Engineer: 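What follows is a single structure, and I will ask about it in a moment.
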Amino acid sequence: MTSGGDAPGMNAAIRSVVRTCAFHKIECVGIYRGYEGLIEGDFKSMNARSVKGIINKGGTVLKSARSKEFRTKEGRMKAYQVLKEAQIDALVTIGGDGTFTGAMIFNQEFGIPVIGIPGTIDNDIFGTSYTLGFDTALNTVVDAIDKIRDTASSHNRLFFVEVMGRDVGHIALNVGVGAGAEEILIPEENLGLDRLLESLRRSKQSGKSSSIVVVAEGDKIGKNVFELKDYVEQNMTEYEVRVSVLGHMQRGGSPSCFDRVLASRMGVKAVESLLDGKSKFMVGLLNDKMSLTPLDQAIKGQSKINLELLRVSDIMTT
Ligand code: F6P
């Protein structure tokens with residue numbers, strides 16, 4: 001099942017789980033709408049052919065939801081009974097930390113073996129260098145910023161571009177470097193308003209006519225990106241400022257080849273780990289190898305951002 005925010009590559013992971021089951025002659029059932037569908041028994045038997053033509057599709061064919069009922073003991077009890085009736089012995093859950101927290105509690109209460117596959121554009125999961133959807137989202141955002149740059153430079157404007165990432169700055173940091181942003185504002189490093197102004201002034205004086213500032217949605221420098229625009233406009237008359245909030249388009253689109261390959265590897269590892277008797281692990285990619293991290297560590301651990309990228313960005317904007 002897929003749960004939480006959808007991410008490109010989820011379908012490729014579903015395909016991989018289903019086909020690995022078929023390969024090992026295990027029955028596979030797709031659970032629709034995440035934990036909501038689990039409680040309601042919204043299941044469909046799947047074979048190798050059920051997942052044809054989906055490796056290149058964004059979103060998730062199994063649909064996704066954020067279930068309130070599954071957060072209650074009664075809800076989970078219902079889910080357990082439904083699973084038992086359907087003779088389902090183990091779960092592969094594809095999602096982020098909310099999904100894994102639900103899976104872990106469910107396992108602790110009812111002993112159902114679970115393996116998690118990290119799927120979120122935010123890349124905010126400990127135990128994997130890449131989550132499914134992150135790479136695709138980076139390419140989508142870089143493409144959008146390239147387009148914004150065309151209009152920014154035609155009008156000599158400064159653009160604040162807000163990108164997703166929840167509480168972390170992985171997307172902002174990477175696209176900031178990849179799209180040549182003037183500044184990158186992330187929650188992990190508060191630049192401060194004075195230094196932002198200073199940096200924008202410096203850039204104007206150095207002869208740049210337009211600028212892009214990438215702002216992670218979780219950044220704390222301004223109350224929000226629109227107030228940041230007002231602040232800069234009040235304190236700098238040199239620039240005409242515009243804001244672009246990219247929003248949910250960052251979660252859509254056909255997965256990149258990287259995400260498709262990663263999803264295929266993760267699906268195989270998830271099913272084969274269950275067959276090896278493993279449970280309460282998340283599959284991940286560490287040092288280019290498939291790895292297993294205990295689910296509780298994956299949930300509690302912090303995915304560290306790459307501060308070297310901040311320095312690279314600083315040097316690139318000289
Ligand atoms: O976790 C993925 C994500 O897209 C975040 O980047 C964002 O903060 C959040 O989900 C948006 O959630 P929703 O789709 O519920 O608005």
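Since we're looking at a predicted model, the values are computed, not measured. Counting starts at 1 for both ligands and their atoms, following the listed order.
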Engineer: Taking everything shown except Lys220 itself, do over 12 heavy atoms lie less than 6.0 Å from its NZ?
Structural biologist: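 Yes, because the 6.0 Å sphere around NZ of Lys220 holds more than 12 heavy atoms from other groups.
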Engineer: How close does the nearest protein non-hydrogen atom get to atom 6 (O) of ligand 1, and which residue and atom is it?
Structural biologist: Asp122 OD1, 2.7 Å
Engineer: Could you tell me the residue and atom name of the protein heavy atom closest to atom 9 (C) of ligand 1, and the distance to it rounded to 0.1 Å?
Structural biologist: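 Closest protein heavy atom to atom 9 (C) of ligand 1: Arg166 NH2, 3.6 Å.
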Engineer: Got a sec: does the CD of Glu27 have more than 12 other heavy atoms crowding it under 6.0 Å?
Structural biologist: no
Engineer: Salt bridge check, Glu238 against Lys204: does any charged N sit closer than 4.0 Å to a carboxylate O?
Structural biologist: no
Engineer: Are more than 12 heavy atoms, taken from residues, nucleotides or ligands other than Lys78, located less than 6.0 Å from that residue's NZ atom?
Structural biologist: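 Atom NZ in Lys78 is not crowded, with 12 or fewer foreign heavy atoms closer than 6.0 Å.
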Engineer: Would you call Gly165 a ligand 1 contact, heavy-atom distance under 4.0 Å?
Structural biologist: yes
Engineer: At less than 4.0 angstrom from any non-hydrogen atom of Glu217, what atoms of ligand 1 do you find?
Structural biologist: 5 (C), 6 (O), 7 (C), 8 (O)
Engineer: I need the nearest protein heavy-atom contact for atom 12 (O) of ligand 1: residue, atom name and distance, please.
Structural biologist: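 Ranked first by proximity to atom 12 (O) of ligand 1 is Arg66 NH1, 3.5 Å.
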Engineer: For Phe226 together with Phe160, are the ring centres under 6.0 Å from each other?
Structural biologist: no
Engineer: Using a 4.0 Å cutoff against the non-hydrogen atoms of Met164, which atoms of ligand 1 qualify?
Structural biologist: 4 (O), 6 (O)
Engineer: Between Val213, Asn224, Val241, which is the residue that forms a side chain to side chain contact (heavy atoms under 4.5 Å, CB included) with Lys229?
Structural biologist: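 Between Lys229 and the candidates, side chain to side chain contact (heavy atoms under 4.5 Å, CB included) is satisfied uniquely by Val241.
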Engineer: So is His248 in contact with ligand 1, going by heavy-atom distances below 4.0 Å?
Structural biologist: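 Within the 4.0 Å threshold, so yes.
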Engineer: So does Glu74 pair up with Arg76, basic N to acidic O under 4.0 Å?
Structural biologist: no
Engineer: Any nitrogen or oxygen of Gly5, main chain or side chain, under 3.5 Å from a nitrogen or oxygen of ligand 1?
Structural biologist: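 No, Gly5 has no N/O under 3.5 Å of an N/O on ligand 1.
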Engineer: Distance to 0.1 Å, residue and atom name: give those for the protein heavy atom nearest to atom 4 (O) of ligand 1.
Structural biologist: Arg251 NH1, 2.8 Å
